[in-house]
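Values below: every heavy atom of this structure, side chains too, minus hydrogens, waters and symmetry copies. What you see is a predicted model, and the numbers here were worked out from it, not measured in a lab. To find a chain, count down the sequence lines: A is the first, B the second, and so on, and within it residues start at 1.
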Amino acid sequence: QVSAALKEGHVSPRELCRRCLALIKSTRFLNAYITVAEETALRQAEESEERYKRGQPLGVLDGIPVAVKDNFNTAGIETTCASNMLKGYISPYNATVVQKLLDQGAVLLGKTNLDEFAMGSGSTDGVFGPVRNPWSYSRQYKEKSVPKSHSEDKESNWVITGGSSGGSAAAVSSFTCFAALGSDTGGSTRNPAAHCGVVGLKPTYGLISRHGLIPLVNSMDVPGILTRCVDDAAVVLGSLAGHDPKDSTTVQDNFKPFELPDLPDVSKLCIGIPKEYQAPGLSSEILALWSKAADLFKNAGAKVTEVSLPHTRYSIVCYHVLCTAEVASNMARFDGLEYGHRSEMNRSTESMYAATRREGFNDVVRGRILAGNYFLLKQNYENYFIKAQKVRRLIASDFVKVFGSGVDVLLTPTTLSHAVPYLEFIKEDNRTRSAQDDILTQAANMAGLPAINVPTALSERGLPIGLQFIGRSFQEKQLLTVAKWFEKQVKFPMIQLEEVKRHNHDVFQHQKSASFS
Amino acid sequence: QAVTVEVLDRLEQLALVDFRDAEGVERLRKAVRFAAELQEVNTEGVEPMASVLEDRCLYLREDDVTEGNCTNELLKNAREKVEEYFVAPPGNIPLPKLEERETFLKGS
């Protein structure tokens with residue numbers, strides 16, 4: 001819708017950019033952004049405006065304000081990964097996905113907040129502080145809040161965004177941008193998408209280039225896409241997917257960008273409901289919603305069948321070992337010599353490295369590095385690392401069997417519950433939380449499959465709940481078609497943000513348009 | 001417990017990262033206990049899986065120089081440099097042993 005508006009001149013790219021920047025300022029309390037690239041964004045918007053004036057926009061994304069998670073390299077803009085280790089690090093290059101967005105004319109508003117080095121499921125463990133879920137400030141949440149008898153600081157009631165791409169999810173959810181990039185290694189795009197009521201797409205591993213994405217787990221990381229509707233996700237996917245010579249883990253298959261049908265038809269499909277995803281701790285609300293969703297498909301004529309993915313319960317411990325092992329390796333590059341923080345200690349190379357890393361990494365990161373090194377010790381390698389790789393194969397083949405038996409798409413919950421208040425979330429440590437929260441999303445990363453969160457309904461507390469669809473490898477078109485159908489059925493409500501100053505009704509009208517495609 | 005002080009010391013040296021405090025050590029112990037669950041799974045005859053793309057050929061491009069000459073760009077982010085060199089403190093000096101290091105593990 002916004003793209004059409006730009007084309008027809010109802011709004012200009014510069015105006016759009018200005019409004020988004022203003023909205024970012026007025027929603028600063030959300031702490032969604034680490035860096036706002038105001039000058040470059042306005043310049044990009046100007047260039048876009050020139051192109052529209054000449055009648056030569058680069059495409060649907062020309063002039064569209066976007067945000068990027070702060071673990072993607074962005075030339076000339078600080079990239080911190082929310083860590084002291086990279087404070088002040090100005091990327092000398094653009095990640096491939098960032099370059100692709102810019103080549104399409106998108107306007108890069110800034111870098112969004114995350115858990116330090118994308119380790120976490122709350123977006124609470126970065127050095128710039130936690131991200132607040134915009135829904136904490138929605139009329140829907142406030143109406144359902146139980147007023148406490150003695151005066152309670154309403155500030156303390158805010159809920160988390162989920163993570164680790166919480167900043168990106170919050171940015172999209174609060175209308176400060178029309179699309180954002182996240183990353184997904186264990187659910188880091190889908191989890192915050194579910195908590196913030198936005199669409200979160202994890203593409204098939206190997207479809208989108210990781211060049212420039214600061215790596216966590218090389219064999220599972222993918223760039224994630226966050227938007228307000230499924231059509232938008234398809235558009236962004238179209239501009240990002242495809243082989244990249246700079247990332248040899250991208251497949252060489254020709255990728256054809258696709259448009260989703262206006263009236264998707266699911267009657268010929270087989271939807272699988274994996275019984276192991278009724279995990280302990282799953283809220284009864286979400287369970288009910290999941291069941292209702294299955295019925296929706298049944299009533300539309302689709303075949304809905306219960307399936308089994310027997311090794312689901314081991315995906316978290318498997319991830320725990322493989323992730324920490326890869327992290328131990330990937331974090332070794334941070335030594336203070338070529339970039340990033342460097343300690344004053346200079347007695348020897350090794351002691352400088354040790355001091356730099358001591359000063360630069362938080363507890364979570366250090367903990368994972370040490371655990372990873374433990375699992376990689378000669379005496380442990382076979383029993384932990386190799387063992388985990390074997391379990392990974394079992395998890396992946398569970399999916400192969402199920403998809404091989406005629407199932408087209410799997411339907412599961414995305415999270416165990418709606419977003420919890422920050423004060424409650426921090427009562428447990430990062431690893432415990434991640435282990436709990438990733439259970440429904442992790443296996444898709446293990447198997448490299450595409451998965452998407454679609455906002456479904458509001459909980460009794462007025463907070464978003466999403467459901468997840470997992471598809472076959474490289475079948476994003478089918479996956480997104482199903483997701484779009486479902487999205488149309490559930491008609492998820494728009495967030496009613498109260499504390500954002502509305503300059504005038506018009507501004508908000510454009511901002512509120514759910515899609516840009 | 002397999003996680004002895006010797007192992008912890010070794011890990012600090014290998015990782016060049018410190019445990020910092022008792023919480024750090026406990027964090028590792030918890031991580032190790034958690035990982036033990038993997039032993040429950042029967043992986044008889046199962047090959048380890050390193051990548052989901054194992055059935056495909058890795059893309060290898062031609063061995064031609066297509067970019068580079070960005071020395072200035074790359075040096076910008078380094079704190080200590082001289083001309084075109086990254087400057088490091090003296091190498092070949094091993095990390096001090098446990099007793100001489102500033103580490104929480106001392107006296108454990």
Side-chain angles (χ1 to χ4, degrees), chain A residues 89-90 92-93 205-206 219 243 245 248-252 311 314 317-318 320-321 324 328 335-340 342 345-354 357-358 361 363 366-367 369-371 373-375 377 383-384 386-394 396 429 431 435 447-448 473, chain B residues 2-3 7-8 10-20 23-25 27-28 30-32 34-43 46-53 56-61 66 70 73-80 86-96 101-102:
Chain A
Y89 166 69
I90 312 278
Y93 70 107
Y205 179 83
S219 65
H243 176 68
S248 60
T249 60
T250 52
V251 298
Q252 291 159 257
H311 295 93
Y314 295 111
V317 57
C318 183
H320 168 68
V321 173
T324 49
D335 55 22
L337 261 190
E338 304 96 332
Y339 44 75
R342 177 176 174 142
M345 158 73 70
N346 62 0
R347 219 181 304 141
S348 70
T349 317
E350 283 205 12
S351 63
M352 186 278 274
Y353 288 175
R357 293 155 72 79
R358 180 196 179 92
F361 290 140
D363 289 344
R366 285 193 347 270
I369 295 173
L370 289 162
N373 273 289
Y374 178 83
F375 298 132
L377 287 174
N383 289 331
Y384 289 94
I386 299 290
K387 181 82 179 179
Q389 287 192 316
K390 292 181 182 177
V391 175
R392 180 175 187 177
R393 183 178 296 284
L394 291 174
D429 72 80
R431 192 185 56 77
S473 256
Chain B
V3 188
V7 170
L8 294 173
R10 184 94 209 291
L11 289 176
E12 277 200 348
Q13 288 186 50
L14 278 176
L16 289 184
V17 152
D18 66 312
F19 282 98
R20 186 82 34 111
E23 206 181 313
V25 176
R27 197 176 288 123
L28 179 72
K30 277 203 199 129
V32 176
F34 184 47
E37 216 180 277
L38 270 181
Q39 304 307 321
E40 282 172 28
V41 189
N42 181 356
T43 52
V46 180
E47 287 295 302
M49 176 186 243
S51 164
V52 295
L53 299 176
R56 293 170 183 258
C57 240
L58 192 67
Y59 171 73
L60 291 175
R61 66 187 190 121
T66 52
C70 48
E73 286 302 310
L74 296 177
L75 285 174
K76 269 195 199 145
N77 280 304
R79 299 282 165 98
E80 313 243 350
F86 295 111
V87 178
N92 268 342
I93 301 176
L95 208 60
R101 280 209 314 277
E102 249 187 64

Let me know if [X] has heavy atoms under 4.5 Å from chain A in its side chain, its backbone, both or neither.
{"X": "B:C57", "value": "backbone"}
{"X": "B:R20", "value": "both"}
{"X": "B:L53", "value": "side chain"}
{"X": "B:L28", "value": "side chain"}
{"X": "B:N92", "value": "neither"}

What's the spacing between [X] [atom1] and [Y] [atom2] if we round to 0.5 Å?
{"X": "B:N77", "Y": "A:L337", "atom1": "CG", "atom2": "CG", "answer": "13.0 Å"}
{"X": "B:E23", "Y": "A:D429", "atom1": "CD", "atom2": "CG", "answer": "8.0 Å"}
{"X": "B:L38", "Y": "A:Q389", "atom1": "CG", "atom2": "CD", "answer": "11.5 Å"}
{"X": "B:R56", "Y": "A:T250", "atom1": "CZ", "atom2": "OG1", "answer": "10.5 Å"}
{"X": "B:F34", "Y": "A:H320", "atom1": "CZ", "atom2": "NE2", "answer": "6.0 Å"}

Is chain B contacted by the side chain of [X], its backbone, both, or neither, given a heavy-atom distance below 4.5 Å?
{"X": "A:F375", "answer": "side chain"}
{"X": "A:V321", "answer": "side chain"}
{"X": "A:A388", "answer": "both"}

Original post:
Taking only residues two or more places apart in sequence or in another chain, which ones pass side chain to side chain contact (heavy atoms under 4.5 Å, CB included) with A:L377?
Top reply: A:Y374, A:Q379, A:N380, B:V7, B:R10, B:L11, B:L14
**OP:** Go through B:V52 and A:S219 one step at a time and tell me if the side chain to side chain contact (heavy atoms under 4.5 Å, CB included) criterion holds.
**Re:** CA-CA 8 Å; B:V52 295; A:S219 65; over 6 Å; no
Determine the option with the most heavy-atom pairs under 4.5 angstrom with chain B, choosing from [options].
{"options": "A:G367, A:G340, A:A396", "value": "A:G340"}
{"options": "A:E350, A:Q252, A:R366, A:R357", "value": "A:R366"}
{"options": "A:S473, A:C318, A:G206, A:P245", "value": "A:P245"}
{"options": "A:A328, A:G448, A:P92", "value": "A:P92"}

I need the residue from [options] with the largest number of non-hydrogen atom pairs under 4.5 Å to chain A.
{"options": "B:R27, B:R61, B:E37", "value": "B:R27"}
{"options": "B:V87, B:V46, B:N42", "value": "B:V46"}
{"options": "B:T43, B:L60, B:I93", "value": "B:T43"}

Can any side-chain N or O of [X] pair as donor or acceptor with the backbone N or O of [Y] at less than 3.5 Å?
{"X": "A:K390", "Y": "B:V41", "result": "no"}
{"X": "A:S348", "Y": "B:P90", "result": "no"}
{"X": "A:R392", "Y": "B:M49", "result": "no"}

Original post:
Is the closest side-chain donor-acceptor distance between A:Y93 and B:E73 under 3.5 Å?
Top reply: no
Original post:
Between B:K76 and A:I90, does a side chain to side chain contact (heavy atoms under 4.5 Å, CB included) hold up when you go through it step by step?
Top reply: CA-CA 8 Å; B:K76 269 195 199 145; A:I90 312 278; over 6 Å; no
Please report the shortest heavy-atom distance between [X] and [Y], naming the atom on each side.
{"X": "B:A35", "Y": "A:V317", "result": "CA-CG2, 3.6 Å"}
{"X": "A:Y314", "Y": "B:E40", "result": "OH-OE1, 3.0 Å"}
{"X": "B:A36", "Y": "A:Y384", "result": "N-CE2, 4.5 Å"}
{"X": "A:I369", "Y": "B:A15", "result": "CG2-CB, 3.8 Å"}
{"X": "A:R358", "Y": "B:D18", "result": "NH1-OD2, 3.0 Å"}

Original post:
Could you walk me through whether A:Y353 and B:L95 pass the side chain to side chain contact (heavy atoms under 4.5 Å, CB included) check?
Top reply: CA-CA 10 Å; A:Y353 288 175; B:L95 208 60; over 6 Å; no
Subject >> Full working for side chain to side chain contact (heavy atoms under 4.5 Å, CB included) between A:E338 and B:L74 >> reply: CA-CA 8 Å; A:E338 304 96 332; B:L74 296 177; over 6 Å; no
Original post:
Are B:F19 and A:L370 close enough that some pair of their side-chain heavy atoms sits under 4.5 Å apart?
Top reply: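 In contact.
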**OP:** Applying salt bridge (Lys or Arg N to Asp or Glu O under 4.0 Å), name anything that partners A:R347, two or more places apart in sequence or on another chain.
**Re:** none
